[in-house]
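Presented below is the structure to which this report refers.
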Amino acid sequence: MSKRVLLQGNEAVVEGALAAGMRFFAGYPITPSTEIAEQASLRLPLCDGHFIQMEDEISSMAAVIGASAAGVKSMTATSGPGFSLKQENIGYACLSEIPCVIVDVQRSGPSTGLPTSPSQGDYMQARWGTHGDHPVIALSPSSVGECYTLTVRAFDLSEKYRTPVILLMDEIIGHLREGVELPGKITPAERPVYEDPECLRHPYHIPEGAWVPGMKPFGQGEFYNVTGLIHDEEGFPTNSNEAARRLVRRLLDKIEKNYDDIVTVEEFMTEDADTLIVCFGGTARAAKEAVLEARAAGVRAGLFRPVTVWPFPEKELFALSGRVKRILTVEHNDGQMAREVERAVRGRCETAFLGKIDGSVITPREILEAVKEGRRNGK
Amino acid sequence: MKNGQMQLRLTGSGGQGVILASVILAEAAVMADKYTAQSQSYGPEARGGSCKAECIISDAPIAFTKVTVPTFLLALTQKALDTYAPGIPEGATVVIDESLSAPECLKNARVLALPILRTAKEKTGKAFTANIVAVGAINRLLKIVSAEAIEKAVLMHVPAGSESINMAALRAGEELVS
Amino acid sequence: MASELIGKYMREDKLPHIWCPGCGNGILMRDVAQAIDDLGLDKRKVVIVSGIGCSSRAAGYMDFNTIHTTHGRAIAFATGIKMANPSLEVIVITGDGDASAIGGNHLIHAARRNIGLTVVVFNNSIYGMTGGQYSPTTPRGDYGTTAPYGNIDRPFDIAQLAAGAGASFAARGDAYHVQKTVDLIKKGIAHKGFAIIDCLTVCPTYYGRKNKKGGAVEMMKFQKENFIPEEIAARMTSEQLAGKRVLGVVANNDYPELTEEYAALIARAKERAGGGK
């Protein structure tokens with residue numbers, strides 16, 4: 001324990017990113033994520049990396065994708081309104097399969113909302129923010145330590161699957177300081193690069209057994225085209241319905257078919273639980289306290305925490321739903337993940353919801369009351 | 001003390017450095033192998049209005065990260081005291097600057113009026129060291145960490161060149177609590 | 001000569017291009033290739049970045065690392081590429097709408113930062129890809145499908161706009177004066193900081209037809225007669241130049257380049273960190 005250091009969640013994200021190999025950051029100031037840009041501007045030059053404060057959120061996202069195309073692991077950070085602005089280019093990164101990490105430190109919305117207040121209202125935006133059918137990986141830390149480890153994991157998944165990965169934080173965790181023990185040297189994942197001649201001629205060709213293309217970064221003599229249009233194996237635009245179906249299917253499949261590699265959850269006192277609280281991110285800290293208090297009062301509660309929030313951990317939750325009497329979804333919004341919970345549980349047990357939209361933190365007491373009450377609808 | 005947790009709430013006006021004070025206490029707690037969760041209010045109030053910082057210190061892991069039942073309150077301005085005194089439970093310790101008057105709701109708390117602002121000015125010549133004076137007093141009063149640990153924590157967080165003046169402030173703060 | 005350039009710099013299997021008969025974009029794309037060839041650039045170090053629109057299809061035809069990005073964002077993508085690897089020669093091919101309407105903010109800020117990109121604007125004074133709507137460079141009184149009663153907006157002079165925003169190199173070229181335009185693109189690429197060459201092209205299909213400018217030949221003839229290379233303009237009187245567009249350099253200054261400044265910043269940061277707090 002003696003190696004622990006005091007870090008803020010937002011700072012830990014930058015430390016994790018640097019450990020994962022991030023060497024480019026582009027961003028625009030926005031509360032409550034700004035400390036990430038500040039820390040990146042301070043730390044990157046010392047690692048021969050580049051920081052740039054762009055003119056807006058849109059260009060920050062664009063610059064990140066450009067830098068990644070040039071072979072440099074890249075990240076941006078934002079919050080609600082900025083996350084909305086980044087969506088178009090997030091879709092571009094999905095389709096063109098350029099790895100990058102987007103941090104969204106959620107705040108209360110809609111619109112400018114309550115800029116300094118916590119919320120988890122971007123849960124669905126993280127999934128469906130950009131238009132069209134597209135794959136998404138989103139991870140949500142619940143502690144400062146996880147801000148570090150999940151940022152590393154976000155980069156690893158992004159490189160491995162050549163897809164943007166969203167670190168879905170909230171103000172509670174972004175602005176929290178805790179003592180954390182930083183791991184020693186880590187070996188980050190690198191994006192696949194294929195050398196075989198077929199792949200060099202067809203940069204978006206997928207070799208047998210692979211899920212993603214393996215083109216080299218720009219500047220290494222492999223001349224290929226990247227586009228946000230539906231494209232063929234050469235990376236050239238096509239209007240072919242078959243090519244469109246094949247490309248979009250593979251983009252979705254590369255995440256869906258690797259569910260077990262991507263999805264992680266935390267279970268806390270679930271073994272004998274009657275009531276299962278489903279909760280993610282900073283709010284899960286209140287839920288954990290509520291579980292402890294419930295147990296102290298003789299109520300058998302447990303916590304199921306999606307660490308990977310997208311894809312939603314439906315397999316694990318479905319399995320648990322056969323063992324518990326009731327599932328209480330607690331989230332800092334008006335019931336976004338609750339829909340996913342209903343879908344995953346398929347009516348196998350009773351479900352209820354507790355949420356909040358006033359910008360104040362959900363407290364352990366409120367959760368405990370909802371657990372005891374056994375109410376069906378917390379709205 | 002619920003779950004053996006110290007739940008500290010530090011309040012004042014924006015610019016008095018109560019956030020830094022809470023960060024220093026959290027830093028010291030980590031050095032002393034304790035668990036801590038530190039956070040603060042953000043927004044317009046941090047730019048000159050009433051400002052609140054929180055710090056939980058515990059020997060066991062901390063689940064919920066926000067202060068729910070403060071075991072300690074620091075108030076450096078009357079406005080902050082009036083805002084944050086309600087909700088302070090019986091038996092909590094409250095340190096207020098000597099220039100403030102404690103509201104009725106604190107009658108069952110242990111209230112200490114200390115010359116924090118005056119000591120900063122008199123002992124260091126700089127009013128801005130009041131937060132470090134407070135850190136010294138709080139640490140001595142609540143026996144959070146050793147004198148060495150708190151000294152190290154202060155040095156980690158003050159600007160280069162201001163070490164000696166802040167050490168003087170820390171000592172002066174410690175001396176306010178005998 | 002032309003076929004040699006095609007073999008060397010074009011993806012022949014992707015040709016013919018999608019541009020309409022008589023479109024000036026093919027000439028400008030060739031001008032960019034000619035400039036690259038004349039300068040003897042290492043193909044592996046050249047990245048072509050484009051946005052969305054007729055102009056931006058050029059990236060797909062050129063045999064380099066090419067990236068066809070989102071509408072208006074080409075300069076922002078290019079900024080990331082250049083920052084990540086300053087040794088790359090990053091050339092942006094964009095249109096008037098792409099660069100100065102939806103991407104106008106990125107244009108002025110890249111100019112302000114003086115990042116070493118070369119931006120070649122294929123300026124056809126109209127939105128071609130979507131079928132002829134007026135753009136920020138459509139002259140007042142001209143028609144577009146969204147200006148059925150004539151355009152009442154005042155147009156941008158993109159070279160002046162960029163120069164005003166701090167671009168260290170800004171110039172005007174066109175589709176007709178090939179040698180002059182190639183020369184300006186070469187100057188832009190060779191220039192250390194942010195360089196922009198605003199090239200008026202011809203769009204007979206939409207701009208020409210909507211505004212009764214005749215076909216491609218008439219529109220090229222108009223450029224020949226009314227766009228005057230600077231060296232010729234220098235010998236003309238202001239009366240002779242009235243109503244003419246002068247082709248040439250609008251701004252050429254030696255300002256610090258962003259990625260070089262960043263390299264110095266890295267050295268400074270390391271020195272400070274090494275020297276203790």
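Residue numbers start from 1 in every chain, and the chains themselves are labelled A, B, ... in the order their sequence lines are given, proteins ahead of strands.
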Can you give me the closest heavy-atom contact between [X] and [Y], atom names plus distance?
X	Y	value
Gly221(A)	Arg44(C)	CA-CG, 3.3 Å
Ala269(C)	Leu46(A)	O-CD2, 3.4 Å
Phe24(A)	Gly80(C)	CZ-CA, 4.0 Å
Lys270(C)	Pro45(A)	CE-O, 3.8 Å
His106(C)	Glu55(A)	ND1-OE2, 2.8 Å

Looking at Asn241(A), I'd like to know if its CG atom is crowded, meaning that more than 12 non-hydrogen atoms belonging to other residues, nucleotides or ligands lie closer than 6.0 Å.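 No, the 6.0 Å shell around CG holds no more than 12 heavy atoms from other groups.
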Just checking Asp13(C): does its CG atom have more than 12 heavy atoms from other residues, nucleotides or ligands closer to it than 6.0 angstrom?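 Yes, CG of Asp13(C) has more than 12 neighbouring heavy atoms, counting only those of other groups under 6.0 Å.
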Could you list the residues that satisfy salt bridge (charged side-chain N to carboxylate O under 4.0 Å, His left out) with Asp56(A), not counting sequence neighbours?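 Salt bridge (charged side-chain N to carboxylate O under 4.0 Å, His left out) list for Asp56(A), sorted by chain: empty.
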Quick one: list whatever passes salt bridge (charged side-chain N to carboxylate O under 4.0 Å, His left out) with Lys45(C), sequence neighbours left out.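 Lys45(C): no salt bridge (charged side-chain N to carboxylate O under 4.0 Å, His left out) contacts found.
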What option among Ala62(A), Ala63(A), Gly49(A) has the most heavy-atom pairs under 4.5 Å with chain C?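 Among Ala62(A), Ala63(A), Gly49(A), the one with the most close pairs to chain C is Ala62(A).
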Top contributor to chain C interface from His50(A), Glu88(A), Gln220(A), Met215(A) [non-hydrogen pairs under 4.5 Å]: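 Highest number of pairs under 4.5 Å: His50(A).
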Hey, which of His71(C), Arg112(C), Arg113(C), Lys82(C) has the most heavy atom pairs under 4.5 Å with chain A?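 Top count of heavy-atom pairs under 4.5 Å with chain A: Arg113(C).
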Mind ranking Leu265(C), Asn105(C), Val47(C) by heavy-atom pairs under 4.5 Å with chain A and telling me who comes out on top?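 Option with the greatest count: Asn105(C).
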Which bit of Phe218(A) comes within less than 4.5 Å of chain C, counting heavy atoms only: side chain, backbone, both or neither?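 Both parts, backbone and side chain.
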Rounded distance (nearest 0.5 Å) linking atom CZ of Arg73(C) with atom CE of Met61(A):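 The CZ atom of Arg73(C) sits 13.0 Å away from the CE atom of Met61(A).
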What distance do His109(C) atom NE2 and Gln53(A) atom CD have between them, rounded to the nearest 0.5 Å?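 One gets 10.5 Å once the value is rounded to the nearest 0.5 Å.
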Using non-hydrogen atoms and a 4.5 Å limit, figure out which bit of Leu258(C) sits close to chain A: side chain, backbone, both or neither.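 The side chain, not the backbone.
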Side chain, backbone, both or neither: which part of Arg11(C) has an atom under 4.5 Å from a heavy atom of chain A?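 Just its side chain gets close to chain A.
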Interface residues of residues 222-236 of chain A facing chain C - heavy atom cut-off under 4.5 Å: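 When heavy atoms of chain C are the reference, residues 222-236 of chain A contributes Glu222(A), Phe223(A), Tyr224(A), Asn225(A), Val226(A), Thr227(A), Gly228(A), Leu229(A), Glu234(A), Phe236(A) within the under-4.5 Å range.
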Name, in order of residue number, those residues of residues 54-70 of chain C that have a heavy atom at a distance of less than 4.5 Å from a heavy atom in chain A; otherwise write 'none'.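 Only Arg57(C), Ala59(C), Gly60(C), Tyr61(C), Asp63(C), Phe64(C), Asn65(C), Thr66(C), Ile67(C), His68(C), Thr69(C), Thr70(C) of residues 54-70 of chain C have a heavy atom under 4.5 Å from chain A.
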Answer yes or no: is there a side-chain heavy-atom contact under 4.5 Å between Tyr262(C) and Ile52(A)?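 No - every pair of side-chain heavy atoms lies 4.5 Å or more apart.
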